[in-house]
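Each chain gets a letter, A, B and so on, in the order its sequence line appears, and its residues count up from 1.
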There are 2 protein chains.
Amino acid sequence: MNRHQKEKADEASGQGRPTLKTLAFMTGLGVTTVSRALKDAPEIGAETRRRVQLVAKQIGYRPNRAGVRLRTGKTNVISLVLNTEHEIMSFVSDIIYGVSEVIADTPYHLIVTPYSRSQDPLDPIRYLVETGSADGVIISRTQPNDPRARYMLERGIPFATHGRTDMGLIHPYHDFDNYAFAAEAVRHLAGLGRRRLALLAPPVELTYHGHTLAGFADALSEVGASEIPFNTVSIDHSIEQIRMRTAQLMRRENRPDGFISSAAAATLAIVAGIEDAGLKLGRDVDVVSKQSSELLHLFRSELLVVNENFRLAGAELARSVLGWIGGAAPGSLQSLSVPGEVQAYRRPAST
Amino acid sequence: MNRHQKEKADEASGQGRPTLKTLAFMTGLGVTTVSRALKDAPEIGAETRRRVQLVAKQIGYRPNRAGVRLRTGKTNVISLVLNTEHEIMSFVSDIIYGVSEVIADTPYHLIVTPYSRSQDPLDPIRYLVETGSADGVIISRTQPNDPRARYMLERGIPFATHGRTDMGLIHPYHDFDNYAFAAEAVRHLAGLGRRRLALLAPPVELTYHGHTLAGFADALSEVGASEIPFNTVSIDHSIEQIRMRTAQLMRRENRPDGFISSAAAATLAIVAGIEDAGLKLGRDVDVVSKQSSELLHLFRSELLVVNENFRLAGAELARSVLGWIGGAAPGSLQSLSVPGEVQAYRRPAST
DNA sequence: GTGACAATCTGTAACGTTTCAGTATATAGC
DNA sequence: GCTATATACTGAAACGTTACAGATTGTCAC
């Protein structure tokens, strides 16, 4: 051992976290060789590779994220961009878990980047891109002409959207088929003899507002039912507002006998409004609602529900982003979740 | 301009993100000077400092996180560690927003580190500490003797717990006063003439199980009411199980005439169970429940609620961790949230 | 034995930052 | 005029990683 190697040994044997230098010392190789051996580079001998990998595993070597990031620009970070005012509660929780599930055995970390009402939704995206803080981004509340998607496409940063855009541009997305949801809901209500239907839709600016309306309208004419306009509120409005508007609507002459609601929390408000007007669910009016946790049937057993699985969405979105980062074609990373049937309440087996 | 400076110029004027080198070139100073000027070091002339900071602001300089992290070990990351099975849904969403709110104008990022049923809760903590992935950690589901808190105290990494420990060790926490909640709930039920009370408590292993039980027991003897044991389930159990057990309990001879529930979702199950048994809320039995969003009154107007604000908890926890990182005494970073009064439903102003 | 070539390994530099150990200049003391 | 000291600045080194451009072998053809 020459003086040079001796110095290395002194440094590398320190009790801190093992680095490539530590491994290099332990194996008697150079750091370059170790680095390449760990990533299965072709010019490393088979035995050396195995030896290095064994030692690395033994001492629990983990590459230093800052080192990698500084050298390569790779952050190993996926950012989930969320609106702190309008996201559905269970959406946040479930989508995070879905994403987590997928990135669990990758080196990726999940960072949550929030933005609030007062901010341009583009702000957090700009920040992420300009500072190179993430390798991939997931956004929700997607719009038909979405500046965020456009911006990220221009900058070439991989992303996936929850919901589709409509700009003639190709990018990964995961979406729930809200057209099918609304259409199925209409058909189901028609099957129950309901003829005058009201829709509590998503806010107009979001893409799935359009999808939902289209499904609603198409099925209405298909079954020959009519629409009772209810577009002074959306699922983004407060519980109190929806409740009030619903009660107003239900007190009118030509009130609806069926409701379709795009979100569970809003459905609670609709039901409250219906009851405020002195009417009874299941008798005077039926309500079909989307929900993401199985809670609405506990609320009122007369409710009719369609489930949307946000955890699945999170997983799917994460897979898409990782796929794009990994070089897959963005067009091949799009998925649509087909709604199940409208479900009525089934009393559980009693004890 | 000598040859050396010329080279710098060539490199620094590149259109990439500005670095210290860019600033050094633009101001004609050395990188060291620029670095110090930006952090208000004392040995920099006042005018130089202002000049550097002005230029930095003008060109939108932002320190490279990887560079800082590699050199100093500072990650500028707070990690929120979550159980993917048992966290309350709104907890995840609200606490994230609370934390976000506080770290919004700091350089900190929030990463979410999940762990699942199958894992030792210590695993994610070990990972964070061993890889130096965060400057501070927030954990929930705190236990009286919490190995995670003990571990982080040993390793000297700043953290805050949602809920207290009981190990004689001092660390930042934020907690809701569940003793007061349970006691107030008992008193309120007693005031309604309820005498035989059942408690749906948090899981035994968590610290606030003890707090809740103590408040319950103390107030029971204070008002002279009695307990109907209901400890075969906790709020961690499934909706179905709670519902079934509640129904069983309510069909017994000596059934409770009052319930106290530590979580909103569980309350839905309790009410369902009560109604399964053919009994009526408000007539046969009253239920006081904690909730974190204002939804229970929509569910059944007879429900009595106490609000727990998770967003506030998130903000408080973030402040605590940042405070500890900033050098404050951990003992000074503890807070307890006092529950408001038990609230009955107030019909909203009609239109 | 020589040259060519493949196989395998290595040192150096660079990513952007901060720290250490200076250097240069001005001011003051005497 | 000299040293001492404070002020304001600077270059080099280091954090851990990867890419580039070699360096050292051994093998084979002829």
Q: In whole Å, I'd like the distance from the CG atom of A/Leu23 to the C1' atom of C/dC9.
A: 16 Å

Q: Which residues in residues 34-43 of chain B have a heavy atom closer than 4.0 Å to any atom of DNA chain D?
A: B/Arg36, B/Glu43

Q: Determine the interplanar angle of the B/His109 and A/Tyr127 rings, folded into 0 to 90°, and report it as parallel if under 30°, tilted if 30 to 60°, perpendicular if over 60°.
A: perpendicular

Q: Counting heavy atoms from C-beta on, name the nucleotide in C/dG16, D/dT17, C/dC15 closest to the side chain of A/Val68.
A: D/dT17

Q: Side chain of A/Arg71: nearest nucleotide among D/dC9, C/dC9, D/dA19?
A: D/dA19

Q: Please report the distance, rounded to the nearest Å, between CG in A/Leu20 and P in C/dC15.
A: 19 Å

Q: Write down the distance between NZ (B/Lys74) and P (D/dA14), rounded to a whole number of angstrom.
A: 25 Å

Q: With a 4.5 Å cut-off on side-chain heavy atoms, are A/Phe91 and A/Leu82 touching?
A: yes

Q: Taking atom types as modelled and ignoring hydrogens, do the side chains of B/Thr165 and B/His171 form a donor-acceptor contact shorter than 3.5 angstrom?
A: yes

Q: Between residues 47-67 of chain B and DNA chain C, which residues have a heavy-atom gap below 4.0 Å?
A: B/Tyr61, B/Pro63, B/Asn64, B/Gly67

Q: Just the rounded figure in Å: distance from P of C/dT10 to CZ of A/Phe25.
A: 14 Å

Q: Give a yes-or-no answer on whether the side chains of A/Glu87 and B/Ser93 include a donor-acceptor pair shorter than 3.5 Å.
A: no

Q: Would you indicate what B/Thr33 reaches in the nucleic acid, counting non-hydrogen atoms under 4.0 angstrom: base, sugar-phosphate, or nothing?
A: base

Q: With a 4.0 Å cut-off, would you call B/Glu316 and B/Arg319 a salt bridge?
A: yes

Q: Does A/Leu70 or A/Thr32 map to a spot on DNA chain D nearer the 5' end, using the closest nucleotide for each?
A: A/Leu70

Q: Treating A/Arg65 as the side-chain partner and B/Gly132 as the backbone partner, does any N or O pair qualify as donor plus acceptor under 3.5 Å?
A: no

Q: For residues 98-114 of chain A, which residue pairs pass the salt bridge (Lys or Arg N to Asp or Glu O under 4.0 Å) check, not counting sequence neighbours?
A: A/Glu101-A/Arg311

Q: Keeping the roles fixed (side chain from A/Ser116, backbone from A/Thr84), state whether a donor-acceptor pair exists under 3.5 Å.
A: no

Q: Taking atom OH of B/Tyr115 and atom CG of B/Leu122, what is their separation to the nearest 0.5 Å?
A: 10.5 Å

